[in-house]
Amino acid sequence: MKTVRTRIAPSPTGENLHIGNAYTALINFVFAKKNNGQFIIRIEDTDRSRLVKGSEERILSSLKWLGLTYDEGPDIGGPYSPYRQSERLSLYKNYAQNLVEKGNAYYCFCTPQRLTKMREKQIAQGLPPMYDGTCKRVKSEEVRAKIKNEKYVIRLNVPEEGITEFTDVLRGKISFENKLIDDQVLIKSDGFPTYHLGVVVDDHLMKITHVIRGEEWISSTPKHILLYQAFGWDLPVFAHLPLLRNPDKSKLSKRKNPVWVSWYKEQGILPEALINYLSLMGWSDPNERDKFSLSEMVKHFKLEDIKTTAPIFDREKLKWLNKKYIQDLATLDPKRFTTLLRTMSSYGTTPEFDEKVRKVIPLVSPRISTLKEYDAISSFFHARPQKYEVDLESYQDVISKSADILENIQIAQWKSDRIGEELQKVAKATGLTNSEYFMILRVTITGKKVSPPLNESMEILGKNETIARLQTISA
RNA sequence: GCCCCCAUCGUCUAGCGGUCCAGGACGACUGGUUUUCAGCCAGUAAAUCAGGGGUUCGAAUCCCCUUGGGGGUACCA
């Protein structure tokens with residue numbers, strides 16, 4: 001049996017890794033690993049006009065961040081190097097010329113202006129816009145002359161009759177009438193291949209066994225099949241994944257949704273949570289579990305189980321999952337949790353991991369669903385409140401009494417339980433309800449009406465600091 | 001316009017001819033624990049399985065049509 005080899009072929013035309021590409025990458029990765037195969041990254045940078053500087057590097061780093069490690073790629077090389085199409089240019093042209101010789105492709109000298117006009121006319125007549133084959137009929141002596149001093153492209157010579165069909169692992173048989181398939185450009189006038197040529201040549205040369213990609217490629221697949229046939233190559237297995245959608249059901253786009261993986265990282269989403277959430281798109285664990293790791297997914301994954309209905313990428317459940325993962329991390333590895341917090345671009349007040357931070361984490365982490373939220377809740381542990389959510393002036397007396405009673409506790413007895421007992425006494429003595437009294441104290445200590453548990457927080461702050469904060473108000 | 005794909009609670013989904021007057025999770029809501037929030041526990045609402053025809057003793061599950069949604073239709077990927 002052939003070794004399973006999958007790949008994703010991102011174009012460095014965006015800010016970062018697109019969430020849709022991350023999804024495709026996940027499925028390709030999991031499928032490859034499930035079959036002890038290889039997962040490959042190939043950069044398809046054939047559109048020079050849309051190239052974004054630094055994009056490739058950021059795409060690769062996001063892939064790594066997500067834990068989708070690849071076996072071969074542009075930065076790590078591999079047996080089929082190079083993995084960047086712009087570095088494989090001469091290849092494509094040779095293959096295209098070979099097709100011309102066999103009659104499966106032809107040179108085309110039509111100008112973009114003529115093509116536009118042609119299409120407009122076709123649309124006006126209610127015809128499908130397609131290349132009209134003018135250059136297919138140019139005599140070969142004439143072609144040889146024109147190649148020398150005219151710009152040209154090379155087009156695929158699609159048969160005018162017949163049907164091209166293929167079996168999609170997820171969708172079954174899909175067929176297209178050849179007469180509706182356009183004579184696709186294979187080599188552009190700048191000498192670069194189009195996606196269609198590049199993807200077929202490279203997938204073949206790199207021995208890709210399974211082409212798993214987004215649904216938007218279904219209608220180009222017959223062109224690819226025709227190419228494989230023209231070259232006389234074996235077909236890979238095709239699987240077209242559902243497209244992730246915006247809440248309004250349109251194709252996931254940056255207009256309507258944050259689509260860059262880097263955005264989720266900056267928000268304080270953990271990679272494990274994003275991956276887990278993505279894996280819930282179109283696939284479900286056989287045990288109906290919602291939370292599971294990448295390696296657990298690999299264990300239970302079956303390509304055929306992917307549902308073809310396009311899911312909406314709705315961030316609610318991602319948030320819930322992230323909360324779970326944050327709690328796990330904070331509990332199991334508070335040190336790493338702290339490090340992560342401190343590497344956030346929105347990094348705030350949390351100092352390096354120490355005894356105090358170790359005590360703060362279990363109090364704060366269950367109350368956040370993204371790392372970004374951590375600082376707002378925990379900052380009072382490390383700095384006195386700058387402002388108070390409630391006007392405390394009329395409560396000076398109560399606060400002062402609270403300070404006095406806490407003053408009586410020995411430093412060695414400074415524990416949340418003891419603090420609580422003492423404060424209950426004050427609470428009873430004042431005319432205030434418990435909730436009102438503790439709300440006042442809470443605001444005094446934390447600045448906020450909502451905070452981690454008060455007594456425990458006071459314990460962590462220590463006697464001196466606690467009393468100092470009370471006196472700040474009562475004085 | 002033409003081609004192709006898709007259709008179960010608001011969302012993600014289970015279901016692959018009888019065990020489903022459709023199950024789970026998120027979200028929402030109610031109650032409990034409680035000094036706030038979070039958590040935890042208990043519970044409620046939420047899908048005439050898009051609609052209509054078949055096939056079958058029997059259909060959410062198979063077939064057809066309609067409708068709806070999506071994708072493609074470039075010298076972009």
Side-chain angles (χ1 to χ4, degrees), chain A residues 9-14 44-47 49-50 108 110-112 115-116 119 122-131 151-155 168 170-171 174-177 180-182 184-196 198-199 213-222 240 242-243 245 247-251 277 280-291 307-321 323 327 363-369 377 420 423-424 427 433-443 446 448-455:
Chain A
S11 296
T13 52
E44 311 224 320
D45 55 350
T46 53
D47 184 350
S49 63
R50 293 201 308 153
C108 174
C110 294
T111 61
L115 294 174
T116 310
R119 266 183 222 112
Q122 288 166 331
I123 290 166
Q125 289 170 25
L127 296 167
M130 283 173 68
Y131 183 62
K151 281 201 161 192
Y152 64 84
V153 301
I154 296 177
R155 282 181 187 277
D168 185 292
L170 307 178
R171 298 158 199 266
I174 301 177
S175 60
F176 296 82
E177 282 189 76
L180 294 170
I181 302 173
D182 205 1
Q184 249 304 315
V185 169
L186 302 176
I187 296 284
K188 300 184 259 189
S189 57
D190 62 4
F192 279 67
T194 56
Y195 170 82
H196 306 287
V199 80
R213 75 234 293 194
E215 185 183 348
E216 74 262 41
W217 295 109
I218 292 179
S219 29
S220 336
T221 305
H240 290 91
L243 245 32
R245 300 195 278 179
D248 71 357
K249 295 183 193 291
S250 56
K251 180 177 170 179
Y277 179 68
L280 259 19
M281 306 269 89
W283 188 78
S284 61
D285 174 69
N287 306 313
E288 290 203 50
R289 292 194 307 158
D290 291 292
K291 181 168 176 280
K307 215 178 68 155
T308 47
T309 313
I312 289 169
F313 188 86
D314 175 23
R315 276 174 280 146
E316 283 300 333
K317 199 162 184 174
L318 170 60
K319 238 179 126 176
W320 169 77
L321 271 172
K323 184 165 202 160
Q327 292 202 56
L363 251 38
V364 179
S365 60
R367 295 177 160 71
I368 59 170
S369 42
I377 300 179
L423 291 177
Q424 284 293 349
T433 63
N434 252 21
S435 59
E436 198 181 350
Y437 170 70
F438 284 105
M439 188 268 283
I440 294 309
L441 274 195
R442 188 181 304 283
V443 173
T446 71
K448 298 178 174 173
K449 287 198 279 188
V450 171
S451 82
L454 189 55
N455 301 340

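Worth knowing before you read on, the calculation uses all heavy atoms, side chains too, and leaves out hydrogens, waters and symmetry mates. Reminder, nothing fancy here: chain letters follow the sequence lines and each chain counts from 1.
Per the geometry, CG belonging to Leu170(A) stands 15 Å off C1' belonging to rC4(B), to the nearest Å. The nearest whole Å value for the distance from the NZ atom in Lys249(A) to the P atom in rG70(B) is 9 Å. Atom NZ in Lys307(A) sits about 18 Å away from atom P in rA60(B), given to the nearest Å. Remark: P of rU11(B) and CG of Asp248(A) are 13 Å apart, rounded to the nearest angstrom. Between the NZ atom of Lys449(A) and the C1' atom of rC37(B) there is a distance of 12 Å, rounded to whole Å.
When each of rC37(B), rC5(B), rA38(B) is scored by its nearest atom to the side-chain atoms of Lys323(A), the top-ranked nucleotide is rA38(B). Among the nucleotides rC37(B), rC5(B), rA14(B), the one closest to the side chain of Arg367(A) is rC37(B). Between rU36(B), rU8(B), rC5(B), one nucleotide has an atom nearer to the side chain of Ser451(A) than all others, and that is rU36(B). With rA14(B), rA25(B), rC12(B) as the choices, the nucleotide that has an atom nearest any side-chain atom of Trp320(A) turns out to be rA25(B). Distance from the side chain of Leu180(A) is smallest for rC3(B) among the nucleotides rU35(B), rC3(B), rC12(B). Nearest to the side chain of Ser250(A), among rC4(B), rC12(B), rG71(B), sits rG71(B).
Heavy-atom minimum distance, Pro247(A) versus Ile312(A): CA-CG2, 3.7 Å. Summarising the geometry of Phe176(A) relative to Ile218(A), their closest heavy-atom pair is CZ-O, 3.7 Å, with the distance given to 0.1 Å.
Within 4.0 Å of Pro247(A), counting heavy atoms only, lies no atom of the nucleic acid at all. In this structure, Glu316(A) reaches the sugar-phosphate backbone alone: every heavy-atom distance under 4.0 Å involves primed, P, OP1 or OP2 atoms, never a base. Contact annotation for Arg245(A): backbone-only contact, meaning every heavy-atom pair under 4.0 Å involves sugar-phosphate atoms and none involves a base. Across all strands, Arg171(A) comes closer than 4.0 Å only to sugar-phosphate atoms, never to a base (heavy-atom distances).
As the counterpart of rC2(B), rG72(B) is assigned, both hydrogen-bonding distances of the Watson-Crick or G-U wobble pattern falling under 3.5 Å. Judged by Watson-Crick or G-U wobble contacts below 3.5 Å, the nucleotide rC26(B) has rG10(B) as its partner.
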Counting primed atoms, P, OP1 and OP2 as sugar-phosphate and everything else as base, the B/S/- map of nucleotides 72-77 of chain B against protein heavy atoms under 4.0 Å is SSSBBB
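Annotation: of the two residues near RNA chain B, Ile174(A) and Met439(A), the 5′-most nearest-nucleotide partner is Ile174(A). Comparing Lys317(A) and Phe438(A) by the nucleotide of RNA chain B whose heavy atom lies nearest to each, the residue mapping closer to the 5' end is Lys317(A).
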